[in-house]
Asker: 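Have a look at the structure that comes next, please.
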Amino acid sequence: MQKKTECDVLIIGGGPAGGVTAVTAKMNYPEKEILVIREFEKQLVPCAIPYIFGETLGCSDKNVASCGAAADMGISAILGKIEDIDFDKKIAYSKDNAIHFDKLVFATGSTPFVHESLEHSLKLDGVFTVPKNKALIDKAKAYMEGKKHIVVVGTGFIGIEMAMEFAESGNNVTVVGGSKHILKGPFDSEIAVQAEKIMLDAGVTFIGGDRVAAIVDKNGDNIVNGVELKSGRIVDAEVVVLATGYKPNTELALSVGVSSGHYGGIWVDEYMRTANQDVFAVGDCSARRGFITKVPSKVMLASTSAAEGRVAGSSLYGIKYMKSFSGTIAIFSTMVGKTAFSSAGITEDEANSAGADIVVGSFGGMNRHPATIPGAQKQFVKLVATRHGGQIIGGQIIGGNETGEMINIIGLMIESKMTVYQAMSMQVATQPMLTAAPTNYPIVMAAMLAIRQIEA
Ligand SMILES: Cc1cc2nc3c(=O)[nH]c(=O)nc-3n(C[C@H](O)[C@H](O)[C@H](O)COP(=O)(O)OP(=O)(O)OC[C@H]3O[C@@H](n4cnc5c(N)ncnc54)[C@H](O)[C@@H]3O)c2cc1C
């Protein structure tokens with residue numbers, strides 16, 4: 001017998017997108033009853049999952065998201081999985097609850113993508129994906145205990161973060177991927193090779209430009225022994241981690257007739273509304289497009305999901321702010337060893353393949369001034385701008401920890417359609433122990449060098 005539950009806004013999924021939508025909705029509509037239904041009691045902070053596998057965190061219990069603030073705000077949460085929805089009656093059903101809602105938000109996220117040719121190998125002992133599920137992550141970690149030979153398939157930031165954690169814990173790690181360099185996509189080659197060098201120096205073997213043809217179980221005992229590559233090469237392994245991307249989790253939405261957009265995500269407009277104006281979708285389950293190119297995008301980021309949650313949470317009962325979500329700027333950072341790599345907007349390669357007429361300004365300096373300050377590290381900023389008008393459309397940074405926040409300056413520049421001419425005279429706070437020199441602030445210098453290209 002299902003319990004009857006009432007709410008104004010039902011949010012399905014308690015990941016970053018669902019959580020932010022709930023908080024934003026409560027702030028905008030304090031009188032409304034907001035209910036989040038989520039599958040798991042303990043929700044992992046997804047972005048820190050790689051650090052469970054090495055010494056940085058060491059266990060999943062140190063990586064559990066806190067829901068305290070939402071509860072303090074009066075947001076209700078229940079455990080369960082929505083299995084069916086009747087949009088005419090406005091009722092969503094889980095095994096235990098029949099929840100009557102006024103507005104509904106899909107925040108059902110994403111699940112690991114595995115190429116269909118490798119799917120059957122997931123049943124082998126020692127083959128894992130990287131799901132956002134504590135029980136499965138604990139199972140994988142327990143299996144890896146005492147195993148030394150690990151193959152990571154996938155050269156995106158999740159694969160590389162996992163590989164570095166394994167390597168730093170003394171394992172013998174090989175990364176395999178179809179692209180020539182790691183982190184291809186968010187970084188141009190000259191930046192990706194620097195990340196690659198750090199990874200190789202940490203003892204990781206990299207096989208690029210080759211793909212996994214099969215996962216090997218040579219004894220036929222359901223235990224993995226390695227991977228066979230398209231080139232015919234075989235790499236031995238006791239553990240294979242498939243970090244080959246994620247797909248929108250839209251099984252429920254599609255089963256109840258919600259329309260999908262590109263790459264299988266739920267179709268939404270700029271206010272995150274589906275075709276039914278009482279039904280929204282946010283986060284990885286929604287269909288995205290690029291902020292600059294406007295073409296469908298596979299980018300899946302917690303930061304993008306949170307931004308979408310803020311837009312949906314303030315638009316549930318009509319358009320409150322003219323702040324819509326006009327595409328992902330694909331902004332993110334990763335650490336490879338002690339060096340941070342950050343990217344926002346589009347790369348030079350991507351701009352060129354999109355046929356954009358661009359200029360590039362790149363500047364390398366130090367992140368402290370003078371460079372003799374203890375802990376000073378090299379810093380490199382690359383800006384991509386339109387040749388006509390100088391609008392900033394992309395940026396990449398290599399440097400120390402400050403890189404993680406500096407990329408947010410570039411992100412804001414892209415979102416606010418700033419030009420390199422405005423960036424050239426940008427006023428920045430500088431301090432010897434904290435930043436690069438005011439005379440050589442790298443974002444400003446990169447902007448000046450881009451202007452020189454425009455005017456050449
Ligand atoms: C290893 C890893 C590292 C990452 N690192 C970064 C990073 O550094 N920076 C960054 O920006 N992004 C990062 N990401 C991406 C980021 O985690 C995702 O973009 C983000 O989790 C998406 O949030 P979401 O709320 O849309 O979906 P999810 O986090 O997938 O959450 C969806 C939730 O909905 C629940 N759910 C699904 N169906 C139902 C249902 N029917 N009923 C009830 N509940 C349901 C699921 O159980 C899940 O908890 C990383 C991802 C991974 C896996």
Side-chain angles (χ1 to χ4, degrees), residues 39-40 42 44 46 49-61 63 110-179 182 199-200 202-247 249 251:
E39 283 183 283
F40 307 113
K42 290 190 177 173
L44 290 177
I49 290 172
Y51 303 108
I52 293 171
F53 289 90
E55 281 153 27
T56 311
L57 284 177
C59 67
S60 67
D61 289 329
N63 188 35
S110 57
T111 53
F113 167 81
V114 174
H115 192 273
E116 58 187 4
S117 64
L118 301 179
E119 264 174 4
H120 66 282
S121 303
L122 286 171
K123 64 180 190 320
L124 297 181
D125 287 351
V127 179
F128 300 98
T129 57
V130 191
K132 292 170 267 184
N133 174 318
K134 189 172 184 302
L136 295 178
I137 290 292
D138 286 345
K139 196 173 156 207
K141 180 154 166 71
Y143 185 92
M144 290 176 197
E145 229 33 73
K147 310 275 188 308
K148 282 278 162 224
H149 298 274
I150 302 178
V151 167
V152 175
V153 184
T155 55
F157 72 95
I158 294 172
I160 302 310
E161 287 173 1
M162 297 281 292
M164 289 298 287
E165 284 294 300
F166 291 137
E168 282 162 11
S169 308
N171 294 295
N172 181 324
V173 187
T174 303
V175 170
V176 179
S179 57
I182 66 166
M199 185 184 82
L200 297 176
V204 175
T205 303
F206 173 50
I207 304 172
D210 209 346
R211 288 184 189 279
V212 174
I215 295 183
V216 182
D217 159 25
K218 63 181 171 207
N219 303 323
D221 55 2
N222 269 338
I223 301 175
V224 73
N225 306 113
V227 294
E228 183 182 346
L229 305 182
K230 289 250 154 79
S231 60
R233 185 170 169 181
I234 290 187
V235 186
D236 293 336
E238 297 165 281
V239 171
V240 174
V241 176
L242 298 172
T244 46
Y246 292 79
K247 58 181 184 212
N249 179 10
E251 209 179 313

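Source: prediction; values computed, not measured.
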Asker: Would a 4.5 Å heavy-atom cut-off, applied to side chains only, mark Leu44 and Lys132 as touching?
Answerer: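 No. Closest side-chain heavy atoms not under 4.5 Å.
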Asker: Closer than 3.5 angstrom, by distance alone: can the side chain of Asp217 be matched with the main-chain N or O of Asp221 as a donor-acceptor pair?
Answerer: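 Yes, the answer is positive, given that a donor and an acceptor are paired below the 3.5 Å cut-off.
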Asker: For Ala167 versus Ala202, what's the shortest heavy-atom pair and its separation?
Answerer: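 Distance-wise, the nearest heavy atoms are CB-O, 3.9 Å.
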Asker: Do Phe40 and Lys134 touch side chain to side chain, with heavy atoms closer than 4.5 Å?
Answerer: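 The answer is no; the side chains never approach within 4.5 Å.
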Asker: Say you draw a straight line from OG1 of Thr174 to CZ of Arg233; how long is it, rounded to the nearest 0.5 Å?
Answerer: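 Atom-to-atom, Thr174:OG1 and Arg233:CZ are 8.0 Å apart.
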Asker: From Glu168 CD over to Tyr51 OH, what is the distance, rounded to the nearest 0.5 angstrom?
Answerer: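 Glu168 CD to Tyr51 OH: 9.0 Å, rounded to 0.5 Å.
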Asker: Find out whether Val241 and Met144 are in side-chain contact, i.e. whether some heavy atom of one side chain is under 4.5 Å from a heavy atom of the other.
Answerer: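 Result yes, sub-4.5 Å side-chain heavy-atom pair found.
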Asker: Between atom CD1 of Ile207 and atom OG1 of Thr155, what is the distance when rounded to the nearest 0.5 Å?
Answerer: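 Ile207 atom CD1 to Thr155 atom OG1 measures 12.5 Å (nearest 0.5 Å).
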Asker: To the nearest 0.5 Å, what is the distance between CG on Asn172 and CD1 on Ile150?
Answerer: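 The CG atom of Asn172 sits 9.0 Å away from the CD1 atom of Ile150.
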Asker: Can you check whether Thr129 reaches Leu136 side chain to side chain, under 4.5 Å on heavy atoms?
Answerer: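 No; the side chains remain at least 4.5 Å from each other.
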Asker: What are the two closest heavy atoms between Ala163 and Val175, and how far apart are they?
Answerer: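 Here Ala163 and Val175 meet closest at CB-CG2, 3.5 Å.
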Asker: For Pro131 and Pro112, work out which heavy atoms get closest and say how close.
Answerer: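 Looking at all heavy atoms of both residues, the closest pair is CA-CG, 3.8 Å.
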Asker: What distance do Asn225 atom CG and His149 atom NE2 have between them, rounded to the nearest 0.5 Å?
Answerer: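 The NE2 atom of His149 is 12.0 Å from CG of Asn225, to the nearest 0.5 Å.
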Asker: Measuring only between side-chain heavy atoms, which start at C-beta, is Thr244 closer than 4.5 Å to His115?
Answerer: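 Heavy-atom side-chain distance check fails, nothing below 4.5 Å.
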Asker: Please round to the nearest 0.5 Å and tell me the distance separating atom NZ of Lys218 and atom CD1 of Ile223.
Answerer: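 Lys218 NZ to Ile223 CD1: 12.5 Å, rounded to 0.5 Å.
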Asker: Between Glu165 and Pro50, which heavy-atom pair has the shortest distance, and what is it?
Answerer: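 In this case the closest contact between Glu165 and Pro50 is CG-O, 3.3 Å.
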Asker: Mark yes or no for whether Glu228, through its side chain, and Ala213, through its backbone, hold a donor-acceptor pair below 3.5 Å.
Answerer: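 Absent.
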Asker: Does atom NZ of Lys147 have more than 12 heavy-atom neighbours from other groups under 6.0 Å away?
Answerer: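 Counting neighbours around NZ of Lys147, more than 12 heavy atoms of other residues, nucleotides or ligands fall under 6.0 Å, so yes.
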Asker: Less than 4.5 Å apart, any side-chain heavy atom of Val204 and any of Phe166?
Answerer: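 SC-SC contact between Val204 and Phe166 ruled out.
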Asker: Given the rule in the side chain to side chain contact (heavy atoms under 4.5 Å, CB included) test, do Val216 and Val240 qualify, once you have shown the distances and angles that lead to the verdict?
Answerer: CA-CA 10 Å; Val216 182; Val240 174; over 6 Å; no
Asker: Report yes if the side chains of Ile137 and Phe128 come closer than 4.5 Å at any heavy-atom pair, otherwise no.
Answerer: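 No, too far: nothing below the 4.5 Å cut-off.
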Asker: Contact between Phe206 and Leu200 at the side-chain level, heavy atoms closer than 4.5 Å - yes or no?
Answerer: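 In contact.
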Asker: Are any side-chain N or O atoms of Asp210 and backbone N or O atoms of Leu229, one a donor and one an acceptor, separated by less than 3.5 Å?
Answerer: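 Pair absent, no side-chain N/O of Asp210 close to backbone of Leu229.
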Asker: If you take all heavy atoms of Glu238 and Val224, which pair is closest and at what distance?
Answerer: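 Answer, listing the atom of Glu238 first, then Val224: O-CG1, 3.4 Å.
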Asker: Could you pull out the closest heavy-atom pair between Gly126 and Tyr143, with the gap in Å?
Answerer: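 Where Gly126 meets Tyr143 most closely, the heavy atoms are CA-CE2, 3.3 Å.
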